[in-house]
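Here the structure is a predicted model, which is why all the values come from computation and not from measurement.
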Amino acid sequence: MTHLHTDLCDMLDIRVPILQGGMGPYKTEDLAIAVTNAGALGVISSIGMAATLLPEAAPVDAKRLFGDDPPMVLLQKSIEAVAKGTKSSKGVFGVNVPVAAEFLVASKMFVEQVIETRNADSDIERRLRVLITSAGNPKPWAEVKNHGLIWVHVVPSVYHAKKAERAGADVIVASGHEGGAHVSWDPVHSMVLVPAVAQAVKTPVVAAGGFSDGASLAAALCLGAVGIQMGTRFIATQESDFESIWKDAIINHEERQTLVARGLFGPMRFLRNHRAEMLVKQTLDDVPRFYLGEPVDSNNAILKLEQSGFVDLLDHKSDTALMFGGEVTGRISDLPTTAELIDTIVEGAIKVLAQLPGKVLKS
Ligand SMILES: Cc1cc2nc3c(=O)[nH]c(=O)nc-3n(C[C@H](O)[C@H](O)[C@H](O)COP(=O)(O)O)c2cc1C
């Protein structure tokens, strides 16, 4: 039987070359367990956990989402829960820590917590292999490799990929502008970004932004990537931690129904609804705001729109809920289990790759 196997599988000790992207505001604990048990890399998301550090400035209603635990305890408990939920499959998992300048206070604490929790438990040390940093300068984070972690860094351009390579990243995720949530100011999409990055660096490259099925995984491999990272597609799975209105929105939106507006650290891609349209209007005339470490203007209209958008999310008001998602929402129309999804993607990619030579190579 034919298997799909790339260098990424060997590097991370995973069965299939698929990473689950970090996805705040949730901890993505249940999703990480399901993805890891299905043979891909499940990832815990830390960004929302930081909301309890500065509740008055946080865009998320931290207490409603997470209860009273401080961020470091939340992360430690999440790591322990994912280790427990994946014990029988012995699968490998990771943690995502955004390292944007506005978030650095929290980033340092989260990275230290990952290292501490690994050191305290030999099973966690063996299986919590991967740290994915994103949205910021890679330079300060190479240190994590000295603690036995495989370091993955997310970039939106060739310039940033070269910087990550110089800093020593083990894997580079090239994340195109069609992706969900934070995107770069410079709109370079996956079709241009992925092959450009794969040709510019020697470090293995994972493609992100717009991937959802076997054909797109096969395309990523043709463009020079060793695997894909998916966000939006994983939201619409039975196990994912997201609100049901968010899953429904992804199933029902078409590819034109996303918008880019100002988010936490620069632009974000939202699923189009009334809230997202209000954010776009404010983006045009509001000034940037900062979070954790920098002053936040509590009258800031964007912050208020985001805060009330998250309240409406938890209250399941689908038109005024704040929800992020990528253009690939238009290619998603079902709610499979995570294992069904991963198996279908892999089978689909094998089929496309196996049939392609016969279809296009003529002698
Ligand atoms: C709801 C949502 C939240 C996200 N939050 C994060 C995050 O906290 N950290 C991060 O590095 N990327 C985050 N991303 C980006 C994903 O990790 C992934 O790179 C992206 O979704 C890939 O594009 P796709 O949505 O087309 O699959 C988020 C994406 C979505 C859709």
note = Rounding to 0.5 Å, atoms CD (Gln229) and CD (Gln20) come to a distance of 8.5 Å
task = Report yes or no: does Ser157 contribute a side-chain atom to a donor-acceptor pair with the main-chain N or O of His160 at less than 3.5 Å?
result = yes
ask   = Considering residues, nucleotides and ligands other than Lys90, do more than 12 of their heavy atoms fall under 6.0 Å from its NZ?
value = no
task = Kindly say whether Ala83 contributes a backbone atom to a donor-acceptor pair with the side chain of Arg127 at under 3.5 angstrom?
result = yes
key: Any donor-acceptor N or O pair under 3.5 Å, side chains Thr338, Glu239   = yes
inquiry  = I want to check something: taking the side chain as every heavy atom from C-beta on, are Tyr26 and Glu243 in contact at a cut-off of under 4.5 Å?
reply    = yes
inquiry  = So, taking the atom named CD in Glu116 and the one named CG in Asp121, what distance separates them when rounded to the nearest 0.5 Å?
reply    = 13.0 Å
remark   = What one should report as the nearest heavy-atom pair of Leu4 and Ala349 is CD2-CB, 4.2 Å
ask   = Can you find a pair of side-chain heavy atoms, one from Phe110 and one from Phe103, that are under 4.5 Å apart?
value = yes
query = Do His5 and Asp10 have a side chain donor and acceptor closer than 3.5 Å?
reply = yes
key: Stepwise side chain to side chain contact (heavy atoms under 4.5 Å, CB included) test for Val111 and Val97   = CA-CA 7 Å; Val111 170; Val97 178; 4.2 Å; yes
ask   = Between Val226 and Val155, is there a shared hydrophobic cluster once you connect ILVMFWY residues whose side-chain heavy atoms come closer than 4.5 Å?
value = no
request  = Considering non-hydrogen atoms only, spot the tightest contact between Ala321 and Ile245 and give its length.
outcome  = CB-CD1, 3.8 Å
message = Pair Phe93, Val43 - check side chain to side chain contact (heavy atoms under 4.5 Å, CB included), show working.
response = CA-CA 6 Å; Phe93 62 98; Val43 173; over 6 Å; no
ask   = Do Val16 and Leu8 belong to the same hydrophobic cluster, where Ile, Leu, Val, Met, Phe, Trp and Tyr are linked whenever their side-chain heavy atoms lie under 4.5 Å apart, directly or via other members?
value = no
ask   = Counting only heavy atoms not in Met278, do more than 12 sit closer than 6.0 Å to its CE atom?
value = yes
remark   = Heavy-atom closest pair (Pro204 atom, Met11 atom, distance to 0.1 Å) is CG-SD, 3.8 Å
Ser89 side chain to Thr86 backbone, donor-acceptor under 3.5 Å = yes
query = Does the side chain of Asn273 pick up a donor-acceptor pair with the side chain of Thr320 at under 3.5 Å?
reply = no
message = Restricting to non-hydrogen atoms, name the atom on Thr36 and the atom on Gly42 that form the minimum distance, rounded to 0.1 Å.
response = OG1-N, 3.1 Å
query = If you measure only the distance, is there a donor-acceptor pair under 3.5 Å linking the side chains of Thr203 and Glu165?
reply = yes
Side chain Ser175, main chain Val154, donor-acceptor under 3.5 Å = no
ask   = Is there side-chain contact between Phe324 and Leu271, with heavy atoms separated by less than 4.5 Å?
value = no
Which atom of Gln282 lies closest to which atom of Ile302, heavy atoms considered = CB-CG1, 3.7 Å
query = Do Val95 and Ile79 have side chains that get closer than 4.5 Å, going by heavy atoms?
reply = yes
message = Quick check for you: to the nearest 0.5 Å, what is the distance between Ile342 atom CD1 and Thr337 atom OG1?
response = 9.0 Å
note = For Met268 and His182 the tightest heavy-atom approach is CG-CD2, 3.5 Å
query = Is there a donor-acceptor contact under 3.5 Å from the side chain of Thr329 to the main chain of Gly326?
reply = no
message = In the structure I gave you, are the side-chain heavy atoms of Phe211 and Ser190 within less than 4.5 Å of one another anywhere?
response = yes
note = From the list Ile18, Val173, Val194, Leu19, side chain to side chain contact (heavy atoms under 4.5 Å, CB included) with Ile228 holds only for Ile18
inquiry  = Tell me whether Lys247 at atom NZ has more than 12 heavy atoms from other residues, nucleotides or ligands lying less than 6.0 Å away.
reply    = yes
query = Can you find a heavy atom in the side chain of Leu131 that is under 4.5 Å from one in the side chain of Lys145?
reply = no
ask   = Among side-chain atoms of Thr258 and Arg272, is any donor-acceptor pair under 3.5 angstrom?
value = no
query = Can Thr344 and Glu340 be counted as having a side-chain donor-acceptor contact under 3.5 angstrom?
reply = no
query = Hey, which of Ile132, Val206, Thr133 is the one that makes side chain to side chain contact (heavy atoms under 4.5 Å, CB included) with Val152?
reply = Ile132
ask   = Should the heavy atoms of other residues, nucleotides or ligands under 6.0 Å from CG of Asp334 be counted, would the total exceed 12?
value = yes
remark   = The reported gap from OG in Ser184 to OH in Tyr159 (rounded to nearest 0.5 angstrom) is 12.0 Å
note = Rounded to the nearest 0.5 angstrom, the CG-CD distance for Asp30 and Gln238 is 13.0 Å
request  = For the pair Lys108 and Trp141, evaluate side chain to side chain contact (heavy atoms under 4.5 Å, CB included) and give the outcome as yes or no after the intermediate values.
outcome  = CA-CA 9 Å; Lys108 284 188 187 127; Trp141 308 103; 3.9 Å; yes
message = Which residue is it: Ile235, Asp213, Thr232? I am looking for the one with a side chain to side chain contact (heavy atoms under 4.5 Å, CB included) to Ile332.
response = Thr232
Asp241/Lys27 under salt bridge (Lys or Arg N to Asp or Glu O under 4.0 Å): CA gap, chis, key distance, verdict = CA-CA 8 Å; Asp241 316 62; Lys27 296 182 277 182; over 6 Å; no
inquiry  = Can you tell me if His274 has over 12 outside heavy atoms packed within less than 6.0 Å of its NE2?
reply    = no
Single-linkage hydrophobic cluster Met72~Ile124, side-chain heavy atoms < 4.5 angstrom = yes
request  = For Thr28 and Ser45, indicate whether the former's side chain and the latter's backbone hold a donor-acceptor pair under 3.5 Å.
outcome  = yes
Exam field: side chain Thr237 to backbone Pro336, donor-acceptor pair closer than 3.5 Å = no
key: Check against salt bridge (Lys or Arg N to Asp or Glu O under 4.0 Å), Asp315 and Arg64   = CA-CA 11 Å; Asp315 289 336; Arg64 262 178 88 180; 2.8 Å; yes
key: Test log, rule side chain to side chain contact (heavy atoms under 4.5 Å, CB included), inputs Glu80 and Gln76   = CA-CA 6 Å; Glu80 288 167 355; Gln76 184 194 341; 3.0 Å; yes
task = Compare all side-chain heavy atoms of Arg233 with those of Ile250 and state whether any distance is below 4.5 angstrom.
result = no
message = Donor-acceptor pair, distance only, cut-off 3.5 Å: does the side chain of Ser216 make one with the backbone of Ser212?
response = yes
query = Is there side-chain contact between Asn137 and Val99, with at least one heavy-atom pair below 4.5 Å?
reply = no
request  = Keeping the roles fixed (side chain from Glu306, backbone from Leu303), state whether a donor-acceptor pair exists under 3.5 Å.
outcome  = no
request  = Quick one: sort the His177 and His189 rings into parallel, tilted or perpendicular, breaks at 30° and 60°.
outcome  = perpendicular
message = Is it the case that the side chain of Arg262 and the backbone of Val280 share a donor-acceptor pair, with hydrogens and angles ignored and the cut-off at 3.5 Å?
response = no
note = Output for pair (Leu149 CG, Leu128 CG), nearest 0.5 Å, gives 6.0 Å
ask   = Any side-chain donor paired with an acceptor under 3.5 Å for Ser308 and Arg275?
value = yes
